[in-house]
Structures are given as structure tokens and as C-alpha cells.
Amino acid sequence: MKRIAVFCVTFKSDQELEHYRASLLKAAEKAGDEIKLDIFVSHNTETDNPGYFGGVKRVMKAVDVEAYDYSIISNVDLTVEEDFLTRLAAYDCDEETGWIAPQIWSGKEGRDRNPKILKRYSLRRLKILRAFFQMPPIWALYHKVAYRKKRLEKHPAGPIYGGHGSFIILTKKYFKRCGKIDYPMFLFCEEIWLAEQCLKSGLRVMYVPDLKVSDAEHASTGRMHLGNYCHLNYEAIQYIISHYY
């Protein structure tokens, strides 16, 4: 039997949370005795909002994460396939895998949002992205063009640099080598931070499209003002550059 924990963060997304929880419980019922599922929720509010990984850190603090075979970190505007937990329990996970990136299907974009990052970004590319975030209208244009191109990309299962941050599966080995989540930024670049944690600890990140999740499109960040969105991204990239490059 595989023990699986879900650490999810909600912000003004109670309806999405209930839909997500229902899909997880349905998947757990289908998996039967193959898994034991525990769900932990950080209810972020206007007056108490530590951000995405800040919310994960808060609820993870009181949990023995090394007792779980897999720990899922996620948003709540998602739905897992009915056989998702059955497939995860049966997945032949390599001992040196720290992070599993599933298929995250976006109906709005018409594509799998994984793999998010195939290879480690160069310092030059990060500096260019940082510059874009200083000019929100330019970023919006770049984002539209870049995502149109990504719709055409197809990738096989296998090792990658980093997965998409909306649904992250971390192994027991990740926590043994890297410890609990302790990323200090409010939002964004979580994928790069996790990828760097895996890289320095000698752990692989694996793209596994047979594990399927559906994305209902940014329940919280999708409502964020463009200026604030760009500012938070700029700060997150600056943190990554200063700590890992």
C-alpha cells in the first residue's frame, strides 16, 4: 500500500476545492487498498495569505512527510483522472527520482502544461525574463506568442529539468535529501526552486504523461492584476538568480 499526501492551497476558491477534493476521493475509492490518502488544505485569506509555497509550508509543518511515499503539492482548480491514484501507486519509481511531473491538460490552451522546463535556464535567459517583467505590456505580448508556440510541442516521457507548479508530485526521497518546503517567495518560480533543489541533491525530475490531471485555469492567479503579477515574478526571478546563478 502506498501512502499519499496532498498539500493544496486555496484562496477564494472554495467551490474549486470541493470539486478537486471530490475527484481525489473518487480516485482513492477506485484505488481501494492500494493507497491511503490524506488531504491537507491551507485556506489562505486576504488577511492571512503566505502565498503558494508559504501555505504549503504552513500545513506541512505539523506533518511527517517522510512517512508518505508521495506528497502532492497543488492548486485546487484541478481534477485528477479516476484512475490517477491507481496509476501512481503502480508507477515504477526509480530510487533517484525526487519529482514526478504528470500530464496537466489545459482545455483552454489545448495542450499538456508539462513538461514546463526541459533544460536548466541560462543566466542570460533569466535576465531577459526579468527584464520583460519590468515592462508588463511587453510581457503580455511575449506570453501570448510563447504559449501559442507551446501548443504545437509534444514530448516523450522521461527526465526533464522542471515540471509545472500547479500539480507537483514529490517522492519520499526528495524530503529525505532536501527537507520540507521552505521557499520564501510569495508566488512564482517555485518550479525553478524545486528543480534546483533536486539538481543539487542528485535527484531526477521525471515527466510521466500516463498520470493525468485536468487544469481548470488559474482560480487565483488568473484574477491577479497584470502589474502585480509581473512585480511578483520579477522578485521571484531575482531571488533565483541571486541564490543559484
Side-chain angles (χ1 to χ4, degrees), residues 1-9 24 27-28 30-40 52-53 56-57 59-75 78 80-105 112-121 154-183 189-213 240 243-245:
M1 180 180 70
K2 296 292 176 68
R3 293 194 65 192
I4 300 171
V6 176
F7 299 91
C8 55
V9 179
L24 287 166
K30 184 176 180 65
D33 294 336
E34 295 299 313
I35 67 112
K36 183 181 185 304
L37 177 69
D38 292 315
I39 302 173
F40 305 94
Y52 184 21
F53 271 24
V56 172
K57 178 181 178 179
V59 293
M60 195 176 276
K61 190 179 299 183
V63 179
D64 179 11
V65 286
E66 291 187 30
Y68 293 93
D69 296 285
Y70 299 111
S71 293
I72 295 168
I73 295 172
S74 72
N75 298 323
L78 301 156
V80 300
E81 293 288 310
E82 191 173 341
D83 65 351
F84 177 84
L85 294 177
T86 304
R87 287 178 177 268
L88 180 57
Y91 175 64
D92 185 16
C93 186
D94 184 275
E95 186 69 19
E96 296 305 301
T97 295
W99 176 4
I100 299 168
Q103 176 183 146
I104 305 175
W105 183 257
D112 183 0
R113 305 184 82 188
N114 269 323
K116 175 71 180 289
I117 312 171
L118 285 171
K119 297 180 180 179
R120 189 176 192 257
Y121 289 152
K154 304 290 183 184
H155 301 284
I160 60 173
Y161 172 71
H164 196 277
S166 62
F167 193 99
I168 298 159
I169 307 169
L170 298 178
T171 66
K172 180 184 294 190
K173 182 58 70 71
Y174 173 88
F175 293 102
K176 284 183 179 295
R177 292 192 186 176
C178 303
K180 292 184 179 181
I181 296 300
D182 192 19
Y183 177 59
C189 291
E190 295 91 354
E191 299 101 337
I192 301 176
W193 181 79
L194 275 178
E196 290 295 318
Q197 294 290 101
C198 288
L199 191 63
K200 75 177 184 181
S201 301
L203 293 170
R204 296 189 187 95
V205 182
M206 297 298 294
Y207 170 51
V208 185
D210 284 346
L211 299 172
K212 299 178 182 179
V213 179
I240 293 296
H243 284 77
Y244 298 105
Y245 285 81

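These numbers come from a predicted model, not from an experiment. For the numbers below, each heavy atom of this structure counts, side chains included, while hydrogens, waters and symmetry mates do not.
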Practice task
Kindly give the heavy-atom pair with the smallest separation between Gly179 and Tyr174, and that separation in Å.
Solution key: O-CE2, 3.7 Å
Practice task
Indicate the atoms forming the closest heavy-atom contact of Trp193 with Asp182, along with that distance.
Solution key: CH2-N, 3.6 Å
Problem - Spatial distance of atom CZ (Phe7) from atom CE (Met60) [nearest 0.5 Å] - result: 4.0 Å
Practice task
To the nearest 0.5 Å, tell me how far Glu190 CD sits from Ile168 CD1.
Solution key: 7.0 Å
Problem - Minimum-distance pair of heavy atoms, taken over all atoms of Cys189 and Ile240 - result: CB-CG1, 3.9 Å
Handout entry: Pairwise distance NZ(Lys119) to CD1(Ile160) - rounded to 0.5 angstrom
Key = 13.0 Å
Problem - Within-4.5 Å side-chain heavy-atom neighbours: Asp210 and Tyr91 - result: no
Completion exercise
Exactly one candidate in Asp94, Thr97, Thr171 meets side-chain hydrogen bond (donor to acceptor under 3.5 Å, both in side chains) with Arg204; the answer is Asp94
Practice task
Mark yes or no for whether Gln103, through its side chain, and Lys212, through its backbone, hold a donor-acceptor pair below 3.5 Å.
Solution key: no
Problem - Side-chain donor or acceptor of Tyr245 paired with backbone N/O of Tyr121 under 3.5 Å - result: yes
Handout entry: Positive for side-chain contact (heavy atoms from CB on, under 4.5 Å) with Ile4, one of Asp38, Asp69, Leu85
Key = Leu85
Handout entry: Heavy-atom side-chain contact between Leu199 and Tyr244 under 4.5 Å
Key = no
Practice task
Please name the residue in the list Gln197, Glu191, Met206 that meets the side-chain contact (heavy atoms from CB on, under 4.5 Å) test with Trp99.
Solution key: Glu191
Problem - Check: Leu88 and Lys2 side chains under 4.5 Å, non-hydrogen atoms - result: no
Handout entry: Option from Lys172, Lys180, Lys176 for which salt bridge (Lys or Arg N to Asp or Glu O under 4.0 Å) with Glu66 holds
Key = Lys176
Fill in the blank from the handout: Interatomic distance, OH@Tyr68 vs CG@Leu37, rounded to 0.5 Å, equals 8.5 Å
Handout entry: Contact check, side chains of Cys178 and Leu203, non-hydrogen atoms, under 4.5 Å
Key = yes
Problem - Whether Asn114 side chain and Ile104 backbone form a donor-acceptor pair below 3.5 Å - result: no
Handout entry: Closest heavy-atom pair and its distance - Leu211, Ile169
Key = CD1-CD1, 4.2 Å
Handout entry: Over all atoms of both residues, closest heavy-atom pair of Val205 and Gly163
Key = CG1-N, 4.2 Å
Completion exercise
One should read off an interatomic distance between Lys36 NZ and Met1 CE, to the nearest 0.5 angstrom, of 7.0 Å
Practice task
State, yes or no, whether a side-chain contact exists between Val6 and Phe40 at a heavy-atom distance under 4.5 Å.
Solution key: no
Exercise for the section: Hey, could you give me the NZ/CZ distance between Lys30 and Arg87, rounded to the nearest 0.5 Å? Expected result: 10.0 Å
Exercise for the section: Inspect the surroundings of CG in Asp64 and state if more than 12 heavy atoms from other residues, nucleotides or ligands are less than 6.0 Å away. Expected result: yes
Exercise for the section: Using modelled atom types only, decide if a donor and an acceptor are shared between the side chain of Tyr52 and the backbone of Gly165 within a distance under 3.5 Å. Expected result: yes
Problem - pair Glu196-Tyr161: side-chain heavy atoms closer than 4.5 Å - result: yes
Completion exercise
Heavy-atom closest pair (Pro102 atom, Ile100 atom, distance to 0.1 Å) is CD-O, 3.6 Å
Handout entry: Salt bridge present between Glu96 and Arg177 (N-O < 4.0 angstrom)
Key = yes
Practice task
Would you indicate whether the side-chain heavy atoms of Leu194 and Ile181 approach each other to under 4.5 Å?
Solution key: yes
